2 protein chains.
Amino acid sequence: MPTIKDVAREAGVSIATVSYVLNKKAVAVSPETRRRVLEAARRIGYRANVTARNLRSSETRLIGYAWYEPPPYDAPFGRLNPILDWFAFYLARSAEQAGYHLLTFTYPPDDPTPTYDELIRTGRVDAFVLTGTVDNDPRVRFLLDQAFPFVSFGRSTEAWDFPWVDTDGRAGVRAGVEYLISLGHRRIAILGWPEDSLSGNFRLAGYCDAMEAAGLPVPDGYVLRGVHTEQAGREAFARWMEMPPHERPTAIVTVSDLMAIGIMNEARRQGVQVGRDLSVIGFDDAPMTEYLQPALTTLQQPIDEIAEALITMLEAILNKEPPAETNVLMPPRLIIRESCVPPPEQALP
Amino acid sequence: MPTIKDVAREAGVSIATVSYVLNKKAVAVSPETRRRVLEAARRIGYRANVTARNLRSSETRLIGYAWYEPPPYDAPFGRLNPILDWFAFYLARSAEQAGYHLLTFTYPPDDPTPTYDELIRTGRVDAFVLTGTVDNDPRVRFLLDQAFPFVSFGRSTEAWDFPWVDTDGRAGVRAGVEYLISLGHRRIAILGWPEDSLSGNFRLAGYCDAMEAAGLPVPDGYVLRGVHTEQAGREAFARWMEMPPHERPTAIVTVSDLMAIGIMNEARRQGVQVGRDLSVIGFDDAPMTEYLQPALTTLQQPIDEIAEALITMLEAILNKEPPAETNVLMPPRLIIRESCVPPPEQALP
DNA sequence: TTGTAAGCGTTATCAC
DNA sequence: GTGATAACGCTTACAA
């Protein structure tokens, strides 16, 4: 590859002049010299070497982005987070527009900090983007501790002050429940995640908001929790079917498409027809959910906008500008398909 | 961050000595000096700066990996390639073991080469991993042309000599068809991709292999082609239903889960019960397919092994060692679930 | 066995 | 307006 020396030689100037012209800094260069340099650079196809530039400016223009560790094919978020691949795509694209690239890496899920530490100490990246943060997240704690630049898709311990963007699960589920209410439902149940799930609790809160605002009762047994599996959906539905018919929910909200699928499967097994006898709302708009029978109504996370907001935030941080906002919530989009209908005249069979 | 100078000062030696002990090269260093250096390095938490090291050795230890460009939510492989996110994960993990990281980037789908060119000329990466290669792929052509190191997940123009690893779709589909034959089927149809699809043609060939080997007829209309959409599956099934009952296929093989889902959906709409009246095999083992009703029997691509093989190959290339094998085919795994059963006594209703 | 110094390709400071 | 040159942090040839 040609270097700046080659351009200088071609143009008959010094390397300093070449650098001046190419970096269009405030240094005055005569039009004729500028032309000669540009022409020479173009002719030999010169592009500044990124490594050298980075060494000089002590930056890397690389943002570290971690993958979840080995797909535990049946574990929460292992194989079944339908969001993160596209999120990474949008992140990469937004980063490029800001002049950065994504460096992807993996880490042992039980002990992430050494991997982050190594990347920091070897000067591999300028910043990190975190996903899948949990309450009391060790990565957040570590990076805060090291005062190393990062932004996070997702919240963590509320008392910690750090930059994040998150889906407003509370507003999303609230909108979903309101949609069901507008359809005429009054007996609406929800299947959430276990109590230690941050986003699960936000989504659950959205359910409570909507029910309360509409003055609707939330009987015992309407709020169920389960892990992020299809089976948890089946089990929850079975529980609801054990209630007397006139007390059973006519609509069910979930915190994930996977659990919604479990509900739909168990409903079919028990002869309950979703999209006629029962309404179901998912969360995520996973691929394929549109081809379910019935097609699943769900809440789509605005991952494109989230990625963009995160990069904007990170750019400000890296440029040491005061970021406009440091915590932003983005409402999901309600994707209306076929799984929600007005409640049947009578209770579930 | 501490530099090599800091370690040298702490240990009371020169920076060269520090470098010698830390890189455990053949240079002889006295045990005492070695101890002092190691101790100093440990104490101040020194890790060699990657950028400086890279500049010196004119490498980047970065492998470029491109994401598909903007998810055209309804386009072939846009939102619905269930493979690539996990492939990227495995690739990242294998690369790390070889001392590399993945640099992810995006490119405009209609014109990829400028992006690759830029990454090469700026010295951003040492090599590329390609995915989704097609016949006469412009990226393969360009990289071959530039003699820049790369490996590919997927084949391209047969006459081109370049390193690739691919799923053996032909062997996979053949195994799928043989499985159906072992179940007792004789009237087996296939829904493939359009004729310009390389992998589609390989998979189709596997169908022909199996049918021929078993001496089974392939009547007109048994081989259908369509684009990679759910709708193409529906349409194909509708076409087969137009055949006289005793000529209709009792089993259908597809080249993708998405198309298999289309078939299952249209079958249900027409009152044909997959997993009883009709058998269906997908391809990919996409997330969620295990929760379909019936759970889909499908061919899973061994993306973990493919990623590993690609990195091994690339390592050899980058080390200028002769790679063991430069073209390798990996058979998919047949994941047997509920969508395939022995043929019904009589033809489809 | 250890130290000095060149050099990787830039950018930026300082002369001229 | 332009050109030497130092410096970024490292590895390594060569000298001591």
Side-chain angles (χ1 to χ4, degrees), chain A residues 1-41 44-62 99 118-126, chain B residues 1-41 44-62 99 118-126:
Chain A
M1 286 304 141
T3 73
I4 198 169
K5 281 186 189 167
D6 299 316
V7 182
R9 185 165 17 75
E10 282 291 311
V13 297
S14 73
I15 62 164
T17 303
V18 174
S19 183
Y20 292 146
V21 172
L22 263 27
N23 295 315
K24 30 183 130 279
K25 281 288 166 53
V27 181
V29 178
S30 80
E32 165 59 12
T33 308
R34 146 165 284 109
R35 200 196 53 72
R36 286 224 314 282
V37 169
L38 256 17
E39 161 61 20
I44 65 178
Y46 170 77
R47 305 264 40 225
N49 179 286
V50 173
T51 307
R53 172 177 286 174
N54 287 344
L55 177 59
R56 170 66 218 219
S57 59
S58 46
E59 58 183 4
T60 65
R61 314 247 34 152
L62 249 23
E118 177 74 4
L119 257 6
I120 294 174
R121 309 200 80 81
T122 57
R124 221 350 165 179
V125 298
D126 292 342
Chain B
M1 287 302 143
T3 73
I4 197 170
K5 280 187 189 167
D6 299 316
V7 182
R9 187 167 15 75
E10 283 290 312
V13 298
S14 74
I15 62 166
T17 304
V18 174
S19 182
Y20 291 144
V21 327
L22 261 27
N23 294 315
K24 29 183 132 277
K25 280 288 165 53
V27 181
V29 178
S30 79
E32 165 60 11
T33 308
R34 148 164 282 110
R35 199 196 53 72
R36 286 224 313 284
V37 169
L38 257 17
E39 161 61 18
I44 64 177
Y46 170 77
R47 306 264 39 224
N49 179 286
V50 172
T51 307
R53 172 176 285 174
N54 287 344
L55 177 60
R56 170 66 219 223
S57 59
S58 45
E59 58 183 6
T60 65
R61 317 256 11 156
L62 249 22
E118 177 74 6
L119 256 7
I120 294 174
R121 309 200 80 81
T122 57
R124 221 351 164 179
V125 298
D126 291 343

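Worth saying up front: this structure is predicted, and the values here are computed from it rather than measured.
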request  = With rounding to the nearest 0.5 Å, note down the distance linking CG in A:L119 to CG in A:L62.
outcome  = 9.0 Å
query = Considering only D:dG9, D:dG3, D:dT2, which nucleotide approaches the side chain of A:Y20 most closely?
reply = D:dG3
task = Verify the contact: side-chain N or O of B:T3 to OP1 or OP2 of D:dG9, cut-off strictly under 4.0 Å; return yes or no.
result = no
remark   = Per nearest nucleotide of DNA chain C, the residue lying toward the 5' end, B:A52 or A:I15, is B:A52
request  = For A:R124 and D:dC10, give me the distance from atom CZ to atom P, rounded to whole Å.
outcome  = 14 Å
d(CG, A:D6; P, C:dG9) in whole Å = 9 Å
message = For a quick check of understanding: with a heavy-atom distance under 4.0 Å over all strands, which category does A:T33 fall into, base, sugar-phosphate or nothing?
response = sugar-phosphate
key: Proximity to the side chain of A:R53 - top-ranked nucleotide from C:dT11, D:dA4, D:dG1   = C:dT11
task = Verify the contact: side-chain N or O of A:N23 to OP1 or OP2 of C:dT11, cut-off strictly under 4.0 Å; return yes or no.
result = yes
Distance below 4.0 Å between A:T17 side-chain N/O and D:dG3 OP1 or OP2 = yes
inquiry  = When you compare the side chain of B:R36 with that of B:E39, does any pair of heavy atoms fall below 4.5 Å?
reply    = no
request  = Using atom CZ of A:R9 as one end and atom C1' of D:dT2 as the other, report the distance to the nearest whole Å.
outcome  = 19 Å
Separation of C:dA12 C1' from A:I4 CD1 (nearest whole Å) = 11 Å
key: Nearest-Å distance for atom pair CZ/P, residues A:R36 and D:dG1   = 15 Å
query = B:A48 near the nucleic acid: base, sugar-phosphate alone, or nothing, with a heavy-atom cut-off under 4.0 Å?
reply = sugar-phosphate
ask   = Looking at D:dG9, D:dT2, C:dT10, which one has an atom nearest to any side-chain atom of B:R56?
value = D:dG9
message = Counting only side-chain heavy atoms from C-beta out, which of C:dT1, C:dT10, D:dT2 sits nearest to A:N49?
response = C:dT10
note = Ranking D:dC10, C:dT1, D:dT12 by distance to the side chain of B:S30, first place goes to C:dT1
query = Counting only heavy atoms not in B:R121, do more than 12 sit closer than 6.0 Å to its CZ atom?
reply = yes
key: Exceeds 12 heavy-atom contacts within 6.0 angstrom, atom CZ of A:R61   = yes
request  = Answer yes or no: does a side-chain N or O of B:S19 lie under 4.0 Å from OP1 or OP2 of D:dT12?
outcome  = no
message = Go nucleotide by nucleotide along DNA chain C from the 5' end; which of B:V13 and A:L55 gets its closest nucleotide reached first?
response = B:V13
task = State, yes or no, whether a side-chain contact exists between A:L22 and A:L38 at a heavy-atom distance under 4.5 Å.
result = yes
note = Side-chain contact check for B:A16: nearest option of D:dG9, C:dT4, D:dG3 is C:dT4
